[in-house]
Protein chains: 2
Amino acid sequence: MTAPAPIPGEREPLGRRDYEKELRDAGVRITRPRRTILRILSETDDHPDALEIYRRAIRTDPSLSLSTVYRTMKLLEDRGAIQRHAFAGGPARFEQDHGAHHDHLIDIDTGDVIEFTSDKIEALQDEIARSLGYDIVHHRLELYGRKRRKR
Amino acid sequence: MTAPAPIPGEREPLGRRDYEKELRDAGVRITRPRRTILRILSETDDHPDALEIYRRAIRTDPSLSLSTVYRTMKLLEDRGAIQRHAFAGGPARFEQDHGAHHDHLIDIDTGDVIEFTSDKIEALQDEIARSLGYDIVHHRLELYGRKRRKR
DNA sequence: CTTTTAATTGCAAATAATTTGCAATTGCAT
DNA sequence: ATGCAATTGCAAATTATTTGCAATTAAAAG
């Protein structure tokens, strides 16, 4: 399958990592299910969970199984190709790792996820951890909010 | 594990909240299991999960069941008596709601939880959400770290 | 203090999300 | 093309939590 033509006006990442090549070079076999899943991840801008990835995947390859989705997510996470997020009260959701760290604002009404970054917050986090005698290995900052009503 | 240090001059709840009375006044029946669980929560400074609360509870009342722990946690959460935290990759952990909001630093080696607050971070979060057109309903800030080795 | 009765409980079974054992299949180096 | 270890699909297992239901119990009423 060829990648679909880019939709005019749609946001596209500037430089896209070639995960298929990266993985192959790392000695990972590129199988049909993996190719399918990688394509789905590269085509989406949202943060689908495993079941949603599975649903999209079987449109292309009906024999692909949910366990393979889970196994592949694990593999991709370990290789740094994707990020796993456990938002409040729901299944894990995934997104391609596009390099730049960011935090999330989750719309509690729709489940929509908006990404943001704040160097100031990052700096404050480091400062706090240091003052408590710790080094931060990773962190999780999630804002759960509701769209502000115009008034 | 560590409660936030009381800030001198700042208003703090004088004694502990009397949850038993609060709940009774709210029309909640005070049963043996509930009394047991409330006592366990009030006696601990850590963030136990449901199973751990259950284990501690059956030392007092061996007939108490895990489902009752879960049901009681739900009830207490709804009444604002406890807070539920879903730290990365594990079961929900609970703590009595002692009023003051705080965030958590989790020791990735031991599971220990250190509480902290930062007005600056809170303010920045509000600012970010507002700029994205949202009002924050709640948030989650967790730092996962490792104790700094002296050098 | 007994009666009354609806809330609560314990237990087992159900769910939800994810993982795993295993035999069959497949990528890819030869 | 061939061989074989990696990978897959499927079903069953696990983990965390919830729920249906009959039995029990708190607390209101008498």
Side-chain angles (χ1 to χ4, degrees), chain A residues 1 19-40 47-79 81-94 111, chain B residues 19-40 47-55 57-79 81-94 111:
Chain A
M1 267 239 170
Y19 291 106
E20 203 167 307
K21 180 169 190 321
E22 275 185 38
L23 291 170
R24 194 190 300 274
D25 289 351
V28 174
R29 282 193 187 173
I30 302 305
T31 63
R32 186 158 141 74
R34 285 176 184 166
R35 213 187 310 268
T36 302
I37 291 168
L38 281 172
R39 181 181 48 71
I40 286 165
H47 296 65
D49 61 26
L51 191 57
E52 176 59 25
I53 292 168
Y54 168 71
R55 286 204 198 93
R56 295 180 194 176
I58 55 175
R59 300 206 282 250
T60 299
D61 174 3
S63 75
L64 194 151
S65 77
L66 183 55
S67 1
T68 294
V69 173
Y70 277 110
R71 275 191 281 234
T72 302
M73 299 332 275
K74 181 98 185 314
L75 177 103
L76 296 177
E77 190 189 5
D78 290 347
R79 306 292 155 137
I82 61 167
Q83 296 229 302
R84 171 191 303 258
H85 303 293
F87 299 136
R93 296 170 63 175
F94 306 90
Chain B
Y19 290 107
E20 204 168 305
K21 177 168 192 320
E22 276 186 38
L23 291 169
R24 195 190 300 274
D25 289 352
V28 174
R29 282 195 187 173
I30 302 305
T31 64
R32 187 158 140 73
R34 283 176 185 166
R35 213 187 310 269
T36 302
I37 291 167
L38 281 172
R39 181 181 49 70
I40 286 164
H47 297 64
D49 60 27
L51 191 58
E52 176 58 25
I53 292 167
Y54 168 71
R55 286 203 198 95
I58 56 175
R59 300 205 282 250
T60 299
D61 175 2
S63 76
L64 194 152
S65 78
L66 183 55
S67 359
T68 295
V69 173
Y70 276 111
R71 276 190 280 233
T72 302
M73 298 332 274
K74 182 98 186 313
L75 178 101
L76 296 178
E77 190 189 6
D78 290 348
R79 305 294 154 132
I82 61 167
Q83 296 229 303
R84 172 191 303 258
H85 304 292
F87 300 135
R93 296 169 66 175
F94 306 90

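Each chain gets a letter, A, B and so on, in the order the sequences are listed, and its residues count up from 1.
Between A:Y54 atom OH and D:dT8 atom P the separation is 14 Å, expressed in whole Å. Distance, B:L66 CG to C:dA12 P: 13 Å, rounded to whole Å. Atom CG of A:D78 and atom C1' of C:dT19 are 14 Å apart (whole Å). The CG atom of B:L23 sits 14 Å away from the C1' atom of C:dT8 (whole-angstrom rounding). The NZ-C1' distance, from A:K74 to C:dT20, rounds to 11 Å in whole Å. In this structure, A:R79 places its CZ atom 12 Å from C1' of D:dA6, rounding to the nearest Å. Look at CZ on B:R32: it is 22 Å from P on D:dA23, rounded to the nearest Å. Atom CZ of B:F94 and atom P of D:dT17 are 6 Å apart (whole Å).
Residue contacts shown for B:L64 are limited to sugar-phosphate atoms, with no base heavy atom under 4.0 Å away. Within the nucleic acid shown, B:S67 comes within 4.0 Å of at least one base atom, counting heavy atoms only. Residue contacts for A:R24: at a heavy-atom cut-off of 4.0 Å it reaches the sugar-phosphate backbone alone, with no base atom in range. At a threshold of 4.0 angstrom between heavy atoms, the contacts of A:I30 are confined to the sugar-phosphate backbone, with no base atom among them.
Put simply, the side chain of A:R34 and the base of C:dG27 share no donor and acceptor less than 3.5 Å apart. Judged by atom type and distance alone, A:R35 does not reach the base of C:dG27 through any side-chain donor-acceptor pair under 3.5 Å.
Among D:dT7, D:dT17, D:dT8, the nucleotide with an atom closest to any side-chain atom of A:R29 is D:dT7. When each of D:dT7, D:dG9, C:dT8 is scored by its nearest atom to the side-chain atoms of A:V28, the top-ranked nucleotide is D:dT7. Taking only side-chain atoms of B:T31, from C-beta outward, the nucleotide of C:dT8, D:dT7, C:dT18 with the closest atom is C:dT8. Closest to the A:R71 side chain, of the nucleotides D:dT17, C:dT20, D:dT19, is C:dT20.
Within the 4.0 Å cut-off from OP1 or OP2 of C:dT18, at least one side-chain nitrogen or oxygen of A:Y70 is found.
One finds the CD1 atom of A:I37 at 7.0 Å from the CE atom of A:M73 (value rounded to the nearest 0.5 Å). Between atom CD of residue A:E20 and atom CG of residue A:D25 there is a gap of 11.0 Å, rounded to the nearest 0.5 Å. A distance of 8.0 Å separates OG1 of B:T72 from CG of B:L38, quoted to the nearest 0.5 Å. Atom CG of B:L64 is separated from atom CD1 of B:I40 by 7.5 Å, given to the nearest 0.5 angstrom.
Along DNA chain D, the nucleotide nearest A:D61 and the nucleotide nearest B:L51 are compared for position; the residue whose nucleotide lies closer to the 5' end is A:D61.
Between A:E77 and A:K74, none of the side-chain N atoms (NZ, or NE/NH1/NH2) sits under 4.0 Å from a carboxylate O, so this pair counts as no salt bridge.
Here the side chain of B:R93 pairs a donor or acceptor atom with the backbone of B:H47 at under 3.5 angstrom. Under a 3.5 Å cut-off, the side chain of A:T36 and the backbone N or O of A:R32 do form a donor-acceptor pair. A donor-acceptor distance shorter than 3.5 angstrom exists from the side chain of A:R34 to the backbone of A:R29, with no hydrogens or angles considered.
Rounded to 10°, the angle separating the first-five-pair axis and the last-five-pair axis of the helix from C:dC1-D:dG30 to C:dT30-D:dA1 equals 30°.
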